[in-house]
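I have placed the structure first, in the form of structure tokens, so that the comments after it can refer back to it.
Counting starts at 1 for both ligands and their atoms, following the listed order. The first residue of the sequence shown is numbered 1, and numbering continues consecutively from there.
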Amino acid sequence: MRISPSLYGVLLAALIGLGACAMPDKSKPAMPSLYDRLGGIQAITAVVDDFVGNVGADTRINAKFATANIPRLKTRLVEQICAGAGGPCTYSGRDMRTAHAGMGITNAEFDALVEDMVKSLTKFKVPPQEQKELLGMLGPMRKDIVSR
Ligand code: HEM
């Protein structure tokens with residue numbers, strides 16, 4: 001069979017196109033997960049320890065934690081942040097609505113807790129972009145946590 005020059009051109013273009021699709025794009029290296037950028041499980045655990053310490057000292061909200069199981073809360077917060085940031089963890093706690101049901105948490109209390117988190121992130125020198133992404137993960141939980 002004789003392939004006409006124009007058909008040949010189309011076939012060649014198609015082959016080059018396929019080749020280009022199969023080539024990995026080396027121009028933009030894949031962004032590491034938020035989990036990795038935060039520094040992994042050790043860094044997340046350090047931030048959560050410090051954060052729960054801030055919450056315990058924060059008179060705007062600490063009464064709400066008077067009967068809380070703090071070691072379990074810390075474990076679950078670490079799991080939740082690790083999993084949400086793309087790390088190798090599974091969150092074993094209750095969903096946010098169930099966990100905070102009946103606590104009568106206000107928007108101001110939610111904001112106070114976020115402030116306590118930002119203090120710890122800043123203390124541990126988490127850069128603004130990673131702070132933003134982490135808070136972006138927690139923000140949408142407000143509607144399930146605030147009930148008053
Ligand atoms: C983004 C905001 C918040 C996140 C991500 C969060 C996350 C969590 C998690 C993961 C748990 C454990 C659930 C479980 O064990 O099944 C929990 C429990 C709890 N949270 Fe929150 N929470 C938030 C906001 C708040 C606020 C604003 C308050 C109160 C002012 C609060 C008070 C509590 C208390 C008292 C518990 C129960 C601890 C216990 O029973 O031992 N949380 N929260």
Side-chain angles (χ1 to χ4, degrees), residues 9-148:
V10 169
L11 285 172
L12 194 64
L15 272 175
I16 290 169
L18 279 175
C21 288
M23 279 241 279
D25 179 3
K26 294 226 177 78
S27 60
K28 258 194 259 153
M31 173 79 132
S33 65
L34 176 59
Y35 172 80
D36 285 329
R37 283 178 285 131
L38 287 171
I41 201 73
Q42 282 194 336
I44 292 173
T45 305
V47 168
V48 166
D49 274 347
D50 189 73
F51 159 62
V52 173
N54 287 344
V55 168
D58 187 340
T59 53
R60 297 171 295 177
I61 53 175
N62 61 8
K64 289 239 146 84
F65 292 86
T67 61
N69 176 339
I70 298 298
R72 185 185 63 184
L73 177 63
K74 282 185 182 175
T75 302
R76 292 192 167 160
L77 280 167
V78 170
E79 286 173 2
Q80 190 184 39
I81 293 172
C82 167
C89 307
T90 305
Y91 174 61
S92 67
R94 294 162 290 174
D95 66 84
M96 290 297 92
R97 190 176 289 279
T98 309
H100 300 91
M103 290 185 192
I105 296 173
T106 63
N107 272 310
E109 287 169 335
F110 187 94
D111 292 341
L113 181 130
V114 169
E115 227 179 271
D116 292 339
M117 168 64 81
V118 170
K119 256 194 215 165
S120 298
L121 294 171
T122 303
K123 178 169 166 183
F124 284 87
K125 302 199 175 355
V126 173
Q129 175 62 29
E130 281 68 32
Q131 289 201 21
K132 199 173 116 191
E133 286 179 43
L134 182 58
L135 297 177
M137 211 173 96
L138 303 181
M141 297 176 185
R142 179 190 294 266
K143 64 177 191 331
D144 294 325
I145 292 173
V146 168
S147 54
R148 205 145 64 83

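- Checked by atom type and distance alone, the side chain of Gln131 pairs as donor or acceptor with a backbone atom of Val126 at under 3.5 Å.
- Among all non-hydrogen protein atoms, the one lying nearest atom 31 (C) of ligand 1 is Phe65 CZ, 3.4 Å.
- Annotation for Gln129: atom CD counts as buried by contact number, over 12 foreign heavy atoms lying within 6.0 Å.
- At a 3.5 angstrom cut-off on N or O pairs, Arg94 counts as close to ligand 1.
- Ile145 CD1, 3.5 Å is the protein heavy atom nearest to atom 23 (C) of ligand 1.
- Shortest contact from atom 17 (C) of ligand 1 to any protein heavy atom: Leu73 CD1, 3.3 Å.
- Considering backbone and side-chain atoms together, Arg72 places an N or O closer than 3.5 Å to an N or O of ligand 1.
- Remark: Asp95 does not engage Arg97 in a salt bridge, criterion side-chain N to carboxylate O under 4.0 Å.
- Heavy-atom separations between Met96 and ligand 1 include at least one value shorter than 4.0 Å.
- Near Asn69, meaning under 4.0 Å from one of its heavy atoms, ligand 1 places the atoms 39 (C), 41 (O).
- In summary, the atoms of ligand 1 found under 4.0 Å from a heavy atom of Met141, numbered by their order in the structure, are 5 (C).
- Side-chain atoms of Tyr35 come within 3.5 Å of backbone atoms of Ile41 as a donor-acceptor pair (strictly under, hydrogens ignored).
- Side-chain contact between Arg37 and Met31 is present, with heavy atoms from C-beta onward closer than 4.5 Å.
- Summarising the contacts of atom 38 (C) of ligand 1 with Ala108, Ala68, Gly104, the nearest heavy atom is found in Ala68.
- Ligand-side atoms of ligand 1 in range of Gly93: 16 (O), range being under 4.0 angstrom from any heavy atom.
- Between Arg76 and ligand 1, an N or O atom pair is found at a separation short of 3.5 Å.
- If you number the atoms of ligand 1 from 1 as listed, the ones under 4.0 Å from a heavy atom of Leu77 come out as 7 (C).
- Atoms of ligand 1 lying under 4.0 Å from any heavy atom of Lys64, numbered from 1 in the order shown and given with element: 35 (C).
- Near Ile105, meaning under 4.0 Å from one of its heavy atoms, ligand 1 places the atoms 26 (C), 27 (C), 28 (C), 29 (C), 31 (C).
- Taking every heavy atom of Ala99 and a limit of under 4.0 angstrom, the matching atoms of ligand 1 come to 13 (C).
- Of the candidates Met103, Gln80, His100, Arg142, it is Met103 that places a heavy atom closest to atom 37 (C) of ligand 1.
- In this structure, the protein non-hydrogen atom closest to atom 30 (C) of ligand 1 is Ile61 CG2, 3.8 Å.
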